[in-house]
Number of protein chains: 2
Amino acid sequence: MPAAPRPPARKSPADFRQSAEVFKALSNANRLLIIDALSTGEHCVADLTELVGLDMSTVSNHLAVLRNVGLVTDDRRGTQVFYSLRDPCVMNMFCCLDDFRAGRPR
Amino acid sequence: MPAAPRPPARKSPADFRQSAEVFKALSNANRLLIIDALSTGEHCVADLTELVGLDMSTVSNHLAVLRNVGLVTDDRRGTQVFYSLRDPCVMNMFCCLDDFRAGRPR
DNA sequence: GGGATATTTTGCCAAATTGCAAAGTGTGTC
DNA sequence: GACACACTTTGCAATTTGGCAAAATATCCC
């Protein structure tokens with residue numbers, strides 16, 4: 001469970017840019033689907049391709065985006081590559097977002 | 001402080017799309033700067049323009065993006081418009097992101 | 001009505017993003 | 001070495017994004 005919110009240290013522009021990069025990686029519904037799937041455990045690319053329903057090259061690109069900001073890690077075993085969440089605490093952001101959206105009538 | 005993480009209800013594709021929209025709104029460093037400024041209280045467009053250092057039309061566009069996903073609300077008073085965070089719990093997402101990034105050596 | 005101030009909207013352009021198809025690469029088996 | 005399987009990278013086209021400048025709009029005062 002995330003720590004109580006605390007006033008974060010004063011942020012530099014670089015902090016905002018790095019944060020923006022992570023949010024950008026999460027700004028695509030297919031990547032969110034991938035993250036959600038990985039929250040239950042590691043998956044190989046073929047698994048995720050079936051789940052997402054896009055071309056495997058597209059899924060591979062999305063995984064590269066997620067890996068580049070450190071959201072997921074890869075583990076090659078034979079011809080398959082298995083992806084996992086680098087830190088499951090990213091799911092806390094989903095909970096926060098759910099809370100935020102719940103507070104907003106549509 | 002956010003509730004303990006709990007397995008969220010199974011998400012529909014529409015859920016992921018809506019979540020992606022909020023993340024997309026947060027995927028720009030200037031909009032994060034604006035959100036951060038608003039966490040200390042309401043600001044008018046001129047204030048935010050000075051803070052961000054971009055053209056006022058650009059700031060206005062960014063505010064429109066934030067308003068469209070429900071992150072901020074506007075309040076016109078005379079010729080000025082004051083913006084606020086609709087729900088300060090969005091700052092919890094910043095804390096979660098800070099925790100996430102802290103766990104990642106760069 | 002006009003004028004001033006503050007803000008929003010529109011148009012344009014360059015850059016970035018996202019999908020697929022095709023080509024390329026890595027691993028394992030023979 | 002070739003071949004099969006799994007995955008990654010590249011090229012392309014369509015779409016979106018984000019900046020500024022200019023125009024338009026809203027409020028207030030006279």
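Just so it is clear: chains get the letters A, B, ... in the order the sequence lines come, proteins before strands, and each one is counted from 1.
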Can you measure [X] atom [atom1] to [N] atom [atom2] for me and round it to whole angstrom units?
{"X": "A/Leu26", "N": "C/dT17", "atom1": "CG", "atom2": "P", "value": "14 Å"}
{"X": "B/Asp75", "N": "C/dT7", "atom1": "CG", "atom2": "P", "value": "12 Å"}
{"X": "B/Asn30", "N": "D/dT17", "atom1": "CG", "atom2": "P", "value": "16 Å"}
{"X": "A/Asp47", "N": "D/dC7", "atom1": "CG", "atom2": "C1'", "value": "13 Å"}
{"X": "A/Leu63", "N": "D/dC7", "atom1": "CG", "atom2": "P", "value": "10 Å"}
{"X": "B/Leu33", "N": "D/dG18", "atom1": "CG", "atom2": "P", "value": "15 Å"}
{"X": "A/Phe82", "N": "D/dT8", "atom1": "CZ", "atom2": "P", "value": "12 Å"}
{"X": "B/Arg76", "N": "C/dT8", "atom1": "CZ", "atom2": "P", "value": "7 Å"}

Nearest to the side chain of [X], heavy atoms from C-beta on, is which of [options]?
{"X": "B/Thr79", "options": "D/dC20, D/dT17, D/dT27", "value": "D/dT27"}
{"X": "A/Ser57", "options": "C/dA22, C/dT7, C/dT18", "value": "C/dA22"}
{"X": "A/Asn61", "options": "C/dT5, C/dT27, C/dC20", "value": "C/dC20"}
{"X": "B/Asn28", "options": "D/dG19, D/dA21, C/dT7", "value": "D/dG19"}
{"X": "B/Arg67", "options": "C/dT7, C/dT8, D/dT9", "value": "C/dT8"}
{"X": "B/Arg31", "options": "C/dA22, D/dG18, D/dT27", "value": "D/dG18"}
{"X": "B/Lys24", "options": "C/dT7, C/dG19, D/dT17", "value": "D/dT17"}

Inset, instruction - Report the residue (A/Thr58 or B/Leu54) whose heavy-atom-nearest nucleotide on DNA chain D is the more 5′ of the two. - result: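 Here A/Thr58 is the residue nearer the 5' end.
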Legend entry - Test item: B/Ser60 side-chain N/O and B/Ser57 main-chain N/O as donor-acceptor pair under 3.5 Å: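 No; judged by distance alone, with no hydrogens or angles, the pair does not exist.
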Legend entry - Sidechain-backbone polar pair: B/His43 side chain, B/Ala37 backbone, donor-acceptor under 3.5 Å: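 Yes; judged by distance alone, with no hydrogens or angles, the pair exists.
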Legend entry - Ring-face cation of A/Arg67 near A/Tyr83 (centre distance under 6.0 Å, axis angle within 45°):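 No; the conditions do not both hold, so A/Arg67 does not lie above the ring face of A/Tyr83.
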Legend entry - Nearest-nucleotide 5' precedence on DNA chain C, B/Val81 against A/Asp55: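 Its nearest nucleotide being more 5', the pick is B/Val81.
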Inset, instruction - Please figure out whether A/Gly78 or A/Val65 has its closest DNA chain C nucleotide nearer the 5' end. - result: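 Of the two residues, A/Val65 wins.
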Inset, instruction - Considering just the side-chain nitrogens and oxygens of B/His62, establish if one lies under 4.0 Å of OP1 or OP2 belonging to D/dG19. - result: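 Yes, such a contact exists.
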Inset, instruction - Would you indicate, yes or no, if D/dT8 has its OP1 or OP2 atom less than 4.0 angstrom from a side-chain nitrogen or oxygen of A/Tyr83? - result: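 For D/dT8, OP1/OP2 do have a side-chain N/O of A/Tyr83 under 4.0 Å.
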Inset, instruction - Carefully, step by step, assess A/Met93 and A/Leu97 under the rule side chain to side chain contact (heavy atoms under 4.5 Å, CB included). - result: CA-CA 6 Å; A/Met93 285 181 37; A/Leu97 182 56; over 6 Å; no
Inset, instruction - Measure the spacing between CG of A/Asn30 and CZ of B/Arg17 and express it to the nearest 0.5 Å. - result: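 The CZ atom of B/Arg17 is 9.5 Å from CG of A/Asn30, to the nearest 0.5 Å.
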